Amino acid sequence: MNDSRTLPVFLLATEPAAVEIFNEQGKRNLVLVCDHASNRVPECLQQLGLNDVQLADHIGWDPGAAAVARLLAQDLDAPLLLSGYSRLVIDCNRPLASSDLIPQQSAGVIIPGNQNLSSHERDQRIKHLFIPYHQAIEKLVAERTLEQTLRPIAFLSIHSFTPFLFNQQRPWHIGVSHKSDDRFAQNLYKALVKQEDIIVGLNEPYPIEDAFDYSIPVHGEARGLPSAMIEIRQDGLTTQAGIEQWAKRIAQAYRTIELEF
Ligand SMILES: [Zn+2]
């Protein structure tokens with residue numbers, strides 16, 4: 001007998017998709033991704049039991065990162081894929097086996113809606129959010145790789161980081177990270193260092209590791225693409241002027257190195 005009960009819908013038709021593709025037809029040999037673009041929580045999860053202030057904080061997303069990434073995509077005419085939901089619902093830059101995939105706490109804040117999840121609840125988030133986001137990246141990268149002629153496409157992820165973590169002040173204004181293949185990140189790092197008045201970190205504030213990262217290892221390095229992760233300090237992204245300035249700096253650095261890897 002068929003089960004005629006109506007199963008609850010995970011995402012309503014009125015809610016955004018798990019992934020947004022911005023400037024899909026962009027002509028540059030570059031794919032941009034923003035894994036922590038949004039702090040949105042599906043309505044069925046009732047804000048995970050958090051208040052608006054907690055969700056707006058850096059634990060919910062990377063504030064300012066999506067705005068910089070959109071400007072960068074426009075300026076460089078590159079496609080950009082943005083995740084549609086909060087990293088607290090499911091972190092699209094974590095391997096599925098990571099204990100942080102659906103965090104029970106973040107920076108000391110307990111996430112009530114992530115406690116004691118059933119395997120069905122966990123699978124729903126993977127099926128409706130994580131998989132569609134990564135499938136869209138995989139599809140676009142595969143199409144671009146097929147189209148490539150002289151040079152491989154580059155793969156760049158855009159993040160932002162909090163100026164203070166566990167009472168430690170972080171000195172870098174921006175960081176560029178790589179894993180085993182450093183050709184793209186090293187060049188980008190050097191181009192940013194040449195710009196005035198900014199402190200640039202290399203593999204700071206975070207290195208890329210298979211146990212903690214997903215997008216660069218899986219979509220970039222596993223395909224042999226020049227890949228790098230950018231992290232911008234969030235206190236530089238609190239105004240529109242700051243967002244525009246960082247997008248311009250990164251675009252400028254990229255233009256000076258794009259023929260070198
Ligand atoms: Zn991030």
Side-chain angles (χ1 to χ4, degrees), residues 30-37 58-59 61-66 68-69 72 76 78 80 83 87 91-95 97-101 103 106-107 137 141 152-237 245-247 249-258 260-261:
L30 169 69
V31 172
L32 297 166
V33 299
C34 194
D35 300 323
H36 301 143
H58 70 93
I59 61 168
W61 60 329
D62 285 358
V68 170
L72 197 55
L76 293 175
L80 161 68
S83 133
R87 64 190 300 172
D91 191 330
C92 285
N93 192 34
R94 291 282 182 275
S98 165
S99 58
D100 259 0
L101 179 73
S106 181
I137 299 176
V141 168
I153 60 162
F155 189 81
L156 183 62
S157 67
I158 307 292
H159 293 260
S160 71
F161 66 97
T162 180
F164 290 92
L165 193 64
F166 302 118
N167 294 324
Q168 290 278 330
Q169 187 164 11
R170 294 151 130 192
W172 321 278
H173 296 104
I174 188 168
V176 185
S177 300
H178 60 79
K179 225 192 94 198
S180 33
D181 180 350
D182 68 352
R183 57 194 152 149
F184 179 23
Q186 285 280 2
N187 284 334
L188 200 52
Y189 167 76
K190 286 176 196 155
L192 284 164
V193 165
K194 283 184 193 155
Q195 297 182 3
E196 285 173 52
D197 299 331
I198 55 171
I199 301 171
V200 187
L202 184 63
N203 292 323
E204 300 284 2
Y206 306 106
I208 297 173
E209 296 174 38
D210 283 343
F212 300 105
D213 292 274
Y214 190 90
S215 289
I216 296 289
V218 172
H219 298 298
E221 289 217 338
R223 284 183 174 271
L225 305 180
S227 316
M229 173 171 82
I230 277 189
E231 293 265 4
I232 309 159
R233 205 172 69 194
Q234 288 157 7
D235 54 351
L237 303 176
Q245 191 179 35
W246 277 112
R249 281 173 172 152
I250 298 165
Q252 191 189 338
Y254 185 82
R255 282 195 171 90
T256 63
I257 60 143
E258 71 177 322
E260 295 174 18
F261 51 82

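This is a predicted model, so every value here is computed, not measured.
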Counting only N and O atoms by type, is there a donor-acceptor contact under 3.5 Å from the side chain of [X] to the main-chain atoms of [Y]?
X	Y	answer
Asp35	Ser83	no
Asp213	Glu209	yes
Glu204	Gly175	no
Asp181	Arg183	yes
Arg170	Arg233	no

Closest approach of [X] to [Y] (non-hydrogen atoms, all atoms of both residues):
X	Y	result
Asp210	Pro217	OD1-CB, 3.4 Å
Pro63	Ser160	O-OG, 2.9 Å
Leu101	Arg94	CD1-O, 3.8 Å
Ala222	Val218	CB-O, 3.3 Å
His178	Ala185	CB-CB, 3.4 Å
Ser227	Ile216	CB-CG2, 3.8 Å

Worksheet entry | For Arg249, all residues meeting side-chain hydrogen bond (donor to acceptor under 3.5 Å, both in side chains), sequence neighbours excluded | none
Worksheet item: Can you name the residues that form a side-chain contact (heavy atoms from CB on, under 4.5 Å) with Ala66, not counting sequence neighbours?
Response: Cys34, Ala37, Leu82
Just wondering, do [Y] and [X] contact through their side chains at under 4.5 Å, heavy atoms?
X	Y	answer
Ile153	Val141	yes
Asn187	Glu258	no
Val176	Phe184	no

Gap separating the [atom1] atom of [X] from the [atom2] atom of [Y], nearest 0.5 angstrom:
X	Y	atom1	atom2	value
Leu30	Leu72	CG	CG	7.5 Å
Ile137	Tyr214	CD1	OH	9.0 Å
Asp182	Leu202	CG	CG	8.0 Å
Thr256	Lys194	OG1	NZ	6.5 Å
Trp172	Ile232	CH2	CD1	15.5 Å
Ile174	Phe161	CD1	CZ	8.5 Å

Practice prompt. Evaluate the criterion side-chain contact (heavy atoms from CB on, under 4.5 Å) for residue pair Leu188 and Leu156; output intermediate values, then yes/no.
Written response: CA-CA 11 Å; Leu188 200 52; Leu156 183 62; 4.0 Å; yes
Worksheet item: Parallel, tilted or perpendicular: which fits the ring planes of Phe155 and His219, with parallel below 30° and perpendicular above 60°?
Response: tilted
Item to complete: With side-chain contact (heavy atoms from CB on, under 4.5 Å) as the test, would you mind laying out the steps for Val200 and Lys190 before giving the verdict?
Response: CA-CA 9 Å; Val200 187; Lys190 286 176 196 155; over 6 Å; no
Practice prompt. List the steps and the verdict of side-chain contact (heavy atoms from CB on, under 4.5 Å) for Asn93 and Arg87.
Written response: CA-CA 8 Å; Asn93 192 34; Arg87 64 190 300 172; over 6 Å; no
Worksheet item: Going through the checks in order, is the side-chain contact (heavy atoms from CB on, under 4.5 Å) test met by Leu165 and His58?
Response: CA-CA 10 Å; Leu165 193 64; His58 70 93; 4.2 Å; yes
Worksheet item: Cut-off 3.5 Å, side chains only: do Ser177 and Glu231 have a donor facing an acceptor?
Response: no
Practice prompt. Would you indicate whether Phe212, at its atom CZ, is surrounded by more than 12 heavy atoms from other residues, nucleotides or ligands within a distance under 6.0 Å?
Written response: no
